[in-house]
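Some notes on the structure that comes next.
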Amino acid sequence: VQLQASGGGLVQAGGSLRLSCVASGRTFSRYDMGWIRQAPGKEREFVAAISRMGSITNFADSVKGRFTISRDNVKNTVDLQMNSLKPEDTAVYYCAAGLGISSVPDEYLYWGQGTQVTVSS
């Protein structure tokens, strides 16, 4: 499966952004989907994941209550709604596909190209 993320940009602290990831192919619904981010000089960090049918979600503690994840298996998309953004949310955000709602970035099988999110203070 090929993944294409979009929606990043520059936003002030407290603002919102919605990231979207579109997948090619007919197998999208076979995969659990995740969003992972990487800030400059830091390790990749799990952000959120959603199960194949969208019934189960998982969030990093750092984003709980601020971010939501959703998917549309007809449109082959997975979205990350980010509210109350903080400067520490600044990173490149990647969507990824895997077989499990994992919080371990290395367990994801397919990755998109990333979209930059910058939150100014």
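Atom set for the values below is all heavy atoms of this structure, side chains included, hydrogens, waters and symmetry mates excluded.
Annotation: the span from Lys75 atom NZ to Asn73 atom CG amounts to 12.5 Å, rounded to 0.5 Å. For the atom pair Ile101 CD1 and Ile56 CD1, the distance stands at 4.5 Å (nearest 0.5 Å). Of the inter-residue distances, the one linking Cys95 atom SG with Ile69 atom CD1 reads 9.5 Å to the nearest 0.5 angstrom. Rounded to the nearest 0.5 Å, atoms NZ (Lys42) and OG1 (Thr90) are 10.0 Å apart.
Taking both residues in full, the closest heavy atoms of Leu19 and Met82 are given as CG-CE, 3.7 Å, listed atom of the first, atom of the second, then distance. Of all heavy-atom pairs between Tyr94 and Gln38, the closest is CE1-CB, 4.3 Å. Taking each heavy atom of Glu107 and Ser102 in turn, the nearest pair found is OE1-OG, 2.7 Å. Closest non-hydrogen pair, Ala96 versus Ile36, comes out as CB-CD1, 4.0 Å. The minimum heavy-atom distance linking Gly8 with Val117 is given by the pair CA-CG2, 4.1 Å. Closest approach of Ile50 and Ser70 over heavy atoms only: CD1-CA, 3.7 Å.
With hydrophobic clusters built from ILVMFWY side chains whose heavy atoms lie under 4.5 angstrom apart, Tyr31 does not share a cluster with Trp111. Both Tyr93 and Val11 are assigned to one and the same hydrophobic cluster, defined by single-linkage of ILVMFWY side chains at heavy-atom distances under 4.5 Å. In the hydrophobic cluster analysis, where Ile, Leu, Val, Met, Phe, Trp and Tyr join through side-chain heavy atoms closer than 4.5 angstrom, Leu109 is grouped apart from Val22.
At a threshold of 4.5 Å between non-hydrogen side-chain atoms, the residues Tyr108 and Met33 do not count as touching. You'll find the side chain of Ser62 reaches within 4.5 Å of the side chain of Glu45, heavy atoms only. Residues Trp35 and Val78 form a side-chain contact, since some pair of their non-hydrogen atoms from C-beta on lies under 4.5 Å apart. You'll find the side chain of Ser16 stays beyond 4.5 Å of the side chain of Arg66, heavy atoms only. Side-chain contact between Leu3 and Gln113: absent, with no pair of heavy atoms (C-beta onward) separated by less than 4.5 Å. A heavy-atom distance below 4.5 Å is found between the side chains of Leu99 and Arg52.
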* Could you please spell out the steps behind the side chain to side chain contact (heavy atoms under 4.5 Å, CB included) verdict for Arg44 and Arg37? => CA-CA 6 Å; Arg44 290 182 301 181; Arg37 66 188 181 188; over 6 Å; no

* **Test log, rule side chain to side chain donor-acceptor pair (under 3.5 Å), inputs Arg18 and Gln81** => CA-CA 4 Å; Arg18 187 176 184 88; Gln81 176 66 43; 2.9 Å; yes

* Asked: Passes side chain to side chain contact (heavy atoms under 4.5 Å, CB included), Ser29 versus Met53? Steps please.
  -> CA-CA 7 Å; Ser29 62; Met53 294 297 109; 4.0 Å; yes

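Of the listed residues (Leu80, Asp72, Asp79, Thr115), just one forms a side-chain contact (heavy atoms from CB on, under 4.5 Å) with Ser20, and that residue is Asp79.
When the side chain to side chain donor-acceptor pair (under 3.5 Å) test is applied to Thr118, the partners found at least two apart in sequence or on another chain are Gln116.
Between Asp89 and Lys86, no side-chain nitrogen of the basic residue sits less than 4.0 Å from a carboxylate oxygen of the acidic one, so the salt-bridge criterion is not met.
Within the structure, the ring pair (Phe, Tyr, Trp, His ring centres under 6.0 Å) test picks out no pair touching residues 42-86 (sequence neighbours left out).
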